[in-house]
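Each remark here refers to the structure printed beneath this line.
Throughout, numbering of the chain's residues begins at 1 and tracks the sequence.
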Amino acid sequence: MTAKIAYDEVEVGTELPVGTFPVTRATLVRYAGASGDFNPIHWNEKFAVEVGLPDVIAHGMFTMAEAVRVVTDWAGDPAAVVEYGVRFTKPVVVPNDDEGALIEVSAKVAAKLDDRLVRVDLTAMCAGQKVLGMSRAVVRLA
């Protein structure tokens, strides 16, 4: 696969479609099984509170992966992302109810680079708080 978005058709400031990603306790259990990360802060409310967290929190790498989906969906090819990094700023708190939490991600092209590359800056929010800082992806376009 290759990116479906043409470099020549993208301008700095181009906004990507917003993504919203629900997270429930069941989501965290499935992610823990797939990743092998069974840290109790991600599934045991009592433990999470005892170590100073407000409740169970989503895995940082899960949050990071959900956020970049906005970019991979836009580009049309996950392999188009050649670099991606974030700073974890706030946890995604996942209550024990039927709704869970909602991660809302917006992104825009911040720079056009050489070799058909663009830098995309992402903003990931949950419950009105920015949960990822310095969230940037470098993407090779068609």
d(K108 NZ, D121 CG) to nearest 0.5 Å is 7.5 Å
Please tabulate, for side-chain N and O atoms in residues 128-142, each donor-acceptor pair with protein atoms closer than 3.5 Å (sequence neighbours left out).
unit_1: R140; atom_1: NH1; unit_2: D115; atom_2: O; d: 3.0
unit_1: R140; atom_1: NH1; unit_2: D115; atom_2: OD2; d: 2.9

Kindly check if the number of other-residue, nucleotide or ligand heavy atoms within 6.0 Å of CG (D97) is above 12?
yes
task: Report yes or no: does K90 contribute a side-chain atom to a donor-acceptor pair with the main-chain N or O of M125 at less than 3.5 Å?
output: no
Smallest heavy-atom separation, R116 atom then D8 atom, equals NH2-OD2, 4.2 Å
What one should report as the nearest heavy-atom pair of C126 and V92 is SG-CG1, 3.8 Å
Separation between CD1 (I41) and CG (L28), nearest 0.5 Å, reads 10.5 Å
Heavy atoms of A107 and V70 approach each other most closely as CB-CG1, 4.1 Å
For T63 and A58, the nearest pair of non-hydrogen atoms, with its separation, is OG1-CB, 3.9 Å
query: Under 4.5 Å between side-chain heavy atoms, hopping through other hydrophobics if needed: is there a path connecting L117 to Y7?
result: no
Exercise. Same hydrophobic cluster for V93 and F47, using side-chain heavy-atom links shorter than 4.5 Å among ILVMFWY?
Worked result: yes
On a heavy-atom basis, the closest approach of I103 and A124 is CG2-CB, 4.5 Å
Contacts satisfying ring-ring contact (aromatic ring centres under 6.0 Å, His included) that involve residues 13-32 (not counting sequence neighbours) are Y31-H59, Y31-F62
Is there side-chain contact between V29 and H42, with heavy atoms separated by less than 4.5 Å? no
Value for CG (D73) from CG (L16), rounded to nearest 0.5 Å, stands at 9.5 Å
To the nearest 0.5 Å, atom CG of N44 lies from atom CZ of R25 at 9.0 Å
*For the hydrophobic clusters of this structure (ILVMFWY residues joined by side-chain heavy atoms under 4.5 Å, transitively), does one cluster hold both V86 and M61?*
yes
(request) Flag the pair W74 / E15 as yes when at least one side-chain heavy-atom distance between them is below 4.5 Å, and no otherwise. (result) no
Applying side-chain contact (heavy atoms from CB on, under 4.5 Å), run through W43 and V56 and close with a yes or a no.
CA-CA 6 Å; W43 58 270; V56 164; 5.5 Å; no
Hydrophobic cluster identity match, V109 and V105, side-chain contacts under 4.5 Å
yes
Correct closest heavy-atom pair for V94 and T24 would be CG1-C, 3.7 Å
Note to self: Side-chain heavy atoms nearer than 4.5 Å, only ILVMFWY residues, links allowed to pass through others: does that put V120 and V82 together?
What the structure shows: no
